[in-house]
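Read through the structure below, which is laid out as structure tokens, and then see the notes.
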Amino acid sequence: MASGDASEVVEKPLVFRLHEGAPEVVREVLLERGWVEYDEQEQEEGDWNLYWRASTFRSCDFDNILPWQRLNHHPKTMGITRKDNLARNLKRMKGIFGPSLYDFSPIAFILPNDYTKFVAEYTKDRYANGGKPGYWICKPVDLSRGRGIFIFEDIQDLAYDSPVIVQKYISNPLLISGYKLDLRIYVCVSSFHPLTVYMYQEGLVRFATEKYKLTSLNNLLAHLTNTSINKFGPAYTMDKERVGPGCKWTMSKFRCFLHSQNIDEILLWQRINNIVTLTLLTIAPSIPPTPNCIELFGFDILIDDNFKPWLLEVNYSPALSLDCPTDVTVKTGLLYDLVDLLNYKKIDSQRQSGYLKQWYKGPRYLSTQSLGSANAPVFHPKAMYKPKEHIDLTHNRSFSRSSVFYQNSNKEAQSDESESFATKGCSTSCDSRTQIYAYNREDGTEASRPNICWDTKKCPVLSKEPAQVQWAISTTNKKTSAVRTQAVPQNKERLGAARKRPSLKQSSLGLCKLPSIHIQRYKPASFPWNSKANENIRPQSRVGDFILTFPFNEATYKASRSTVNVKIAVQEVQKLIKRLVSSELHKVKRRKAGSFSNSICSSKECVGPLLWGPKDPPLLSDCCSHT
Ligand code: ADP
């Protein structure tokens, strides 16, 4: 963490901000890692690095994100995290790519809308079973933790008073000593554009605390694996055969169990891997490009007695409460590695001042004029620009308590159109690239202010002391821009003489233009954190216990550079699973012939995509090799 790209930048502690309801373990881990907690009363408005919420962010939170900041949610992920949306989206993908690829989720119906379809399927299933009804599970669409769930055979037992999904009940689950289990897989999407997915190697195995019997469908302690239910069961603390006390194992323990049973897990992990990829592909194109967001999903996977993994649901804000020692091991480790995945640089710890210093030095951003690092402009989020016809500089609001920002206070004009400002001379060529800045010295004094155009080819380099600050309100969508002009006195003396932190009114004279930090809105992945795609730098294949699972080869890398090409990505997943299956068949044949040798590359020099799952993940290419 915090590897420096601006070596002269002094490291300050990173700052986290927790919304009420955020898990306590997040606070604990971050404090332990030397972070400090954001204090609204004490600190400036944008002076934090990570904002963690259990619930969704408001759209203005996404709009106003600054380069040193991260949010723990992407927008619009409900497409997979609500049970009904997930069912709908998977059905759609089944329709497009065929049922055999998207065969990993139990058939589901959203009621009341799909009631007739459900009855038809129920009847068909019953006939196929020789008249005996199959097993179904009914779940409220917007509840979690096992609330409101019941299992039924007879359609007459189906009763609901809110929207539900009725799903085929997987009645042949893998059991350990008679106890049902499912897997909680942690998946981190560090970016949707380009799609970048990491799966956490460690995870949880959640057990039901009573033995599984199809004759007791009402016994939720035998049929549901939710901790929230099982921790209240009488057998929770008992030392249960093989499972032990409590109701959780680490994934490592589960792997040991599989080894002890001589189960070759490679195919299982790769199948789970594919489930995650194919599920995320259902929503990836519809997620708006939003910089500096991550999402930690909890995928619930049930394994049946044929070792086929089934997707039950995807959890938004998976529980991070620490109920038992297993939770402590898994969840604290998870958060430690997640922080590393956030990839903070030294400059991020400096927040505003660090970025401003860097930008002053960067020839890419500035015109040929040299600027002293003391000339620190102050950024403010685009939502704070509220331009109107006649700009009234006296009604500005301050963005940060110690720095001065300027914006127009006309609320009505706050829209996409007001996101960027440009000089008159380049209002069309630079529309989304320039923004009005106020800047002052670090000691609070105003500095001389060059007027900068990013695209020097198209725009004339403006003088250091502009006679006018020209305002252009542009809209990228509509490709139009309205230019406003505001006269600003050219009074070097007055500007240079200001030794105290300027008042809003004083500082309004310091307006100038610098590249927009909100260019990211238009050109995703241009923030330093997300700039990998632009610079052709591939995401790391492993960060702590997070293993990169998408992109997993050159084709998927190319197919997901900007907006993900779902068709190509799906085809690659298909090819991969085919290669794995045939490779497994080869292994079995060779094993039978007694000539099996492990071809897995053990060299640490090996690079390339790894197989998520095993503790020492082999290269994916090795798992697929026939030789
Ligand atoms: P919730 O969000 O309330 O936890 P889930 O869909 O995760 O809802 O279901 C809760 C539990 O019920 C799962 O952990 C699993 O043990 C069991 N379950 C859910 N769906 C099925 C299914 N189709 N087949 C078998 N068991 C299921």
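In each ligand, atom 1 is the first atom listed, and ligand 1 is the first ligand listed. The shown structure was predicted, so the numbers you read here are calculated from the model rather than taken from an experiment. For reference, positions follow the sequence shown, starting with 1.
- Close approach of ligand 1 to Asp300 is summarised as follows: ligand atoms under 4.0 Å from at least one heavy atom of the residue are 7 (O).
- Shown in contact with Lys139 at under 4.0 Å from a heavy atom are these atoms of ligand 1, numbered in order with element: 5 (P), 6 (O), 19 (C), 20 (N).
- Set against the non-hydrogen atoms of Asp182, the atoms of ligand 1 under 4.0 Å away are 13 (C), 14 (O), 15 (C), 16 (O).
- Heavy-atom proximity to atom 26 (N) of ligand 1, evaluated over Lys83, Lys168, His223, Lys180, is greatest for Lys180.
- Residues passing the side-chain contact (heavy atoms from CB on, under 4.5 Å) test with Phe97 are Met93, Leu101, Tyr102, Val566, Lys567, Val570, sequence neighbours excluded.
- Heavy atoms from both the backbone and the side chain of Leu224 come within less than 4.0 Å of ligand 1.
- With ligand atoms numbered from 1 in the order given, ligand 1 contributes 3 (O), 8 (O), 9 (O), 10 (C) to contacts under 4.0 Å with heavy atoms of Ile149.
- Looking at Ser228, its side chain does come within 3.5 Å of a backbone N or O of Arg145 through a donor-acceptor pair.
- For residues 184-205, the pairs satisfying salt bridge (charged side-chain N to carboxylate O under 4.0 Å, His left out) are Arg184-Asp300, with sequence neighbours left out.
- In terms of polar-atom proximity, defined here as any N/O pair under 3.5 Å, Tyr169 makes no such contact with ligand 1.
- Relative to the ring axis of Phe104, Arg271 does not place its NZ or CZ within 45° and under 6.0 Å from the centre.
- Contacts with ligand 1 closer than 4.0 Å are made by heavy atoms of both the backbone and the side chain of Thr225.
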